[in-house]
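Contents: one structure, followed by commentary.
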Amino acid sequence: MAVLRPVDLAQAVGVSAQQVRNYEDAGVLPPVPRSASGYRQFSERHLDALVTYRALVPGYGVVAARSIMRTVHDGGVAGALALVDAGHAALHDQRRQLRETAAALESLTADAGATASPAVLAGTRPALRVGEVARRLGVRPSALRTWEAAGLLTPSREPGTSYRSYTAEDVRDAQLVSLLRQSRYGLAQVGLVLGELRRTGSTDALRAVVAQRQEQLAARALAMLDGGGRLFAYLSSSEASAREAPPRAASRASRTASPALAQGVPAQGS
């Protein structure tokens, strides 16, 4: 088996040699043996791991991609696949929220009074508290308070308790703010877009944001497919290597691989 240097891996994927060492320390790469003189001895297996990690990042993000690879190398293939599932579930939830926001915009267009119908915000009741709205939007309650402090939201207060009370219109506005923030709008820009909406009733700017967000989610879904294919190929090659190795050299990963891999499903992608 050819021995590779950190610089060889670095040049193959376009990063620095130090970054390769950082990936090793983070568990993105499997354990790296050392020579008698202490030099790292990378192999094609480490290069495959690096390529797989970098393929996961565009779809799943740096944190999740790192966790997936580290879990694989700790022998927890099932746990790694659960992290993959969580990424797809999060994307599905973002699509749901975008659909609701788009429906709210359609309601705004149909209703000159800019009042969302109960059907648009299905599942909400006339008044929700901050925690309930936060869970619905997938944000922290502190985010809603920050948006309120910036003048973007104006929930009323319950008499006696002073708890924030979000009506259907407040929830709709929070959905619009969340959409704009996900599309990398700053708070000042969000204020301008919402101000234009409230002043003129025009939804053109928000429609453009919805279309842009739809493209972003579609691109992320495709990136997930690519990253998932690379991960499958990496797991399959790992299982094949474990089967060919002497029994005493078998890794923990070979004992915890998924049933599909254990049956010798051929690798896909590269």
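Only this structure's heavy atoms are used, side chains among them; waters, hydrogens and symmetry mates stay out.
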For this session: Give the minimum heavy-atom separation between Val130 and Leu144, together with the two atoms involved.
Result: O-CD1, 3.4 Å
Exercise. Mind checking whether Val84 and Leu225 sit in one hydrophobic cluster, side chains of I, L, V, M, F, W, Y counted as touching below 4.5 Å?
Worked result: no
For this session: Taking atom types as modelled, find out whether Asn22 and Gln18 have a side-chain donor-acceptor pair closer than 3.5 angstrom.
Result: yes
Exercise. Shared ILVMFWY cluster between Leu83 and Val62, side chains joined below 4.5 angstrom?
Worked result: yes
Exercise. Between Arg172 and Glu169, is there a side-chain N and carboxylate O pair less than 4.0 Å apart?
Worked result: no
Exercise. Got a second to check how far Thr146's OG1 is from Leu187's CG, nearest 0.5 Å?
Worked result: 7.5 Å
Exercise. Quick one: OG on Ser16 to CZ on Arg21, what's the gap to the nearest 0.5 Å?
Worked result: 8.0 Å
For this session: State which residues pass salt bridge (Lys or Arg N to Asp or Glu O under 4.0 Å) with Asp204; sequence neighbours excluded, sorted by chain then number.
Result: none
Seminar exercise, completed: dist Ser165:OG -> Arg157:CZ (nearest 0.5 Å) comes out at 10.5 Å
Exercise. Do Leu222 and Leu91 share a hydrophobic cluster, counting only Ile, Leu, Val, Met, Phe, Trp and Tyr and linking them when any side-chain heavy atoms are less than 4.5 Å apart?
Worked result: no
Exercise. Below 4.5 Å, heavy atoms only, C-beta onward: do Gln182 and Gln97 meet side chain to side chain?
Worked result: yes
For this session: Please report the shortest heavy-atom distance between Ala49 and Val28, naming the atom on each side.
Result: CB-O, 4.0 Å
For this session: Kindly indicate whether the side chain of Leu50, heavy atoms from C-beta on, has any atom under 4.5 Å from the side chain of Tyr23.
Result: yes
Exercise. Are Leu194 and Asp173 side-chain neighbours, meaning at least one heavy-atom pair lies under 4.5 Å?
Worked result: no
Exercise. Does a side chain donor of either Thr154 or Glu148 reach within less than 3.5 Å of an acceptor in the other side chain?
Worked result: no
For this session: Look at Arg136 together with Asp93 and state whether they make a salt bridge at an N to O cut-off of under 4.0 Å.
Result: no
For this session: Find out whether Thr101 and Val209 are in side-chain contact, i.e. whether some heavy atom of one side chain is under 4.5 Å from a heavy atom of the other.
Result: no
For this session: Under the salt bridge (Lys or Arg N to Asp or Glu O under 4.0 Å) rule, what do Glu132 and Arg129 come out as? Steps first, then yes or no, please.
Result: CA-CA 5 Å; Glu132 296 170 303; Arg129 290 184 177 176; 5.9 Å; no
Problem set entry | Closest contact, heavy atoms only, Arg40 versus Val32 | CB-CG1, 3.9 Å
Problem set entry | Side-chain donor-acceptor pair present, Asp74, Thr71, cut-off under 3.5 Å | no
Exercise. Distance only, no hydrogens: is a donor on one side chain within 3.5 Å (strictly under) of an acceptor on the other, for Arg70 and Tyr53?
Worked result: no
For this session: Would you kindly say whether Gln214 and Arg95 are connected by a side-chain donor-acceptor distance under 3.5 Å?
Result: no
Exercise. Is a donor on one side and an acceptor on the other found under 3.5 Å between the side chain of His46 and the backbone of Pro31?
Worked result: yes
Exercise. Is the side chain of Ser35 donor-acceptor paired with the backbone N or O of Tyr39 at a distance under 3.5 Å, no angle test?
Worked result: yes
Problem set entry | Glu158 side, atom CD; Tyr163 side, atom OH - distance, nearest 0.5 Å | 8.0 Å
For this session: Look only at the side chain of Thr200 and the backbone of Leu197, and say whether a donor-acceptor pair between them is shorter than 3.5 Å.
Result: no
For this session: Would you check if there is a donor-acceptor pair between the side chains of His88 and Tyr60 at a distance under 3.5 Å?
Result: yes
Problem set entry | Listed partners of Arg54 passing salt bridge (Lys or Arg N to Asp or Glu O under 4.0 Å), at least two apart | none
Problem set entry | Any Arg207 side-chain heavy atom under 4.5 Å of Val210 side chain | no
Exercise. Taking it one step at a time, do Phe42 and Val3 satisfy side-chain contact (heavy atoms from CB on, under 4.5 Å)?
Worked result: CA-CA 6 Å; Phe42 292 99; Val3 175; over 6 Å; no
Exercise. With a cut-off of 6.0 Å (strictly less than), are more than 12 heavy atoms of other residues, nucleotides or ligands near CZ of Arg184?
Worked result: no
Problem set entry | Main-chain N/O of Arg45 paired with Ser43 side-chain donor or acceptor, under 3.5 Å | yes
For this session: Give a yes or no on whether Arg140 atom CZ has more than 12 heavy-atom contacts from other residues, nucleotides or ligands under 6.0 Å away.
Result: no
Exercise. Would you call Asp8 and Arg5 a salt bridge, taking side-chain N to carboxylate O under 4.0 Å as the test?
Worked result: yes
Problem set entry | Val72 to Ala80 - nearest heavy-atom pair and separation | CG2-CB, 3.5 Å
Exercise. Does Leu153 reach the side chain of Asp170, with side-chain heavy atoms less than 4.5 Å apart?
Worked result: no
For this session: Mind listing the closest non-hydrogen atom pair of Ser178 and Val139 along with its distance?
Result: OG-CG1, 4.3 Å
Seminar exercise, completed: Tightest non-hydrogen contact, residues Gln175 and Leu137, listed as N-CD2, 3.8 Å
Seminar exercise, completed: Rounded to the nearest 0.5 Å, the CG atom of Leu152 sits from the CZ atom of Arg181 at a distance of 9.0 Å
Exercise. Could you give the distance from CE (Met224) to CG (Leu217), rounded to the nearest 0.5 Å?
Worked result: 9.5 Å
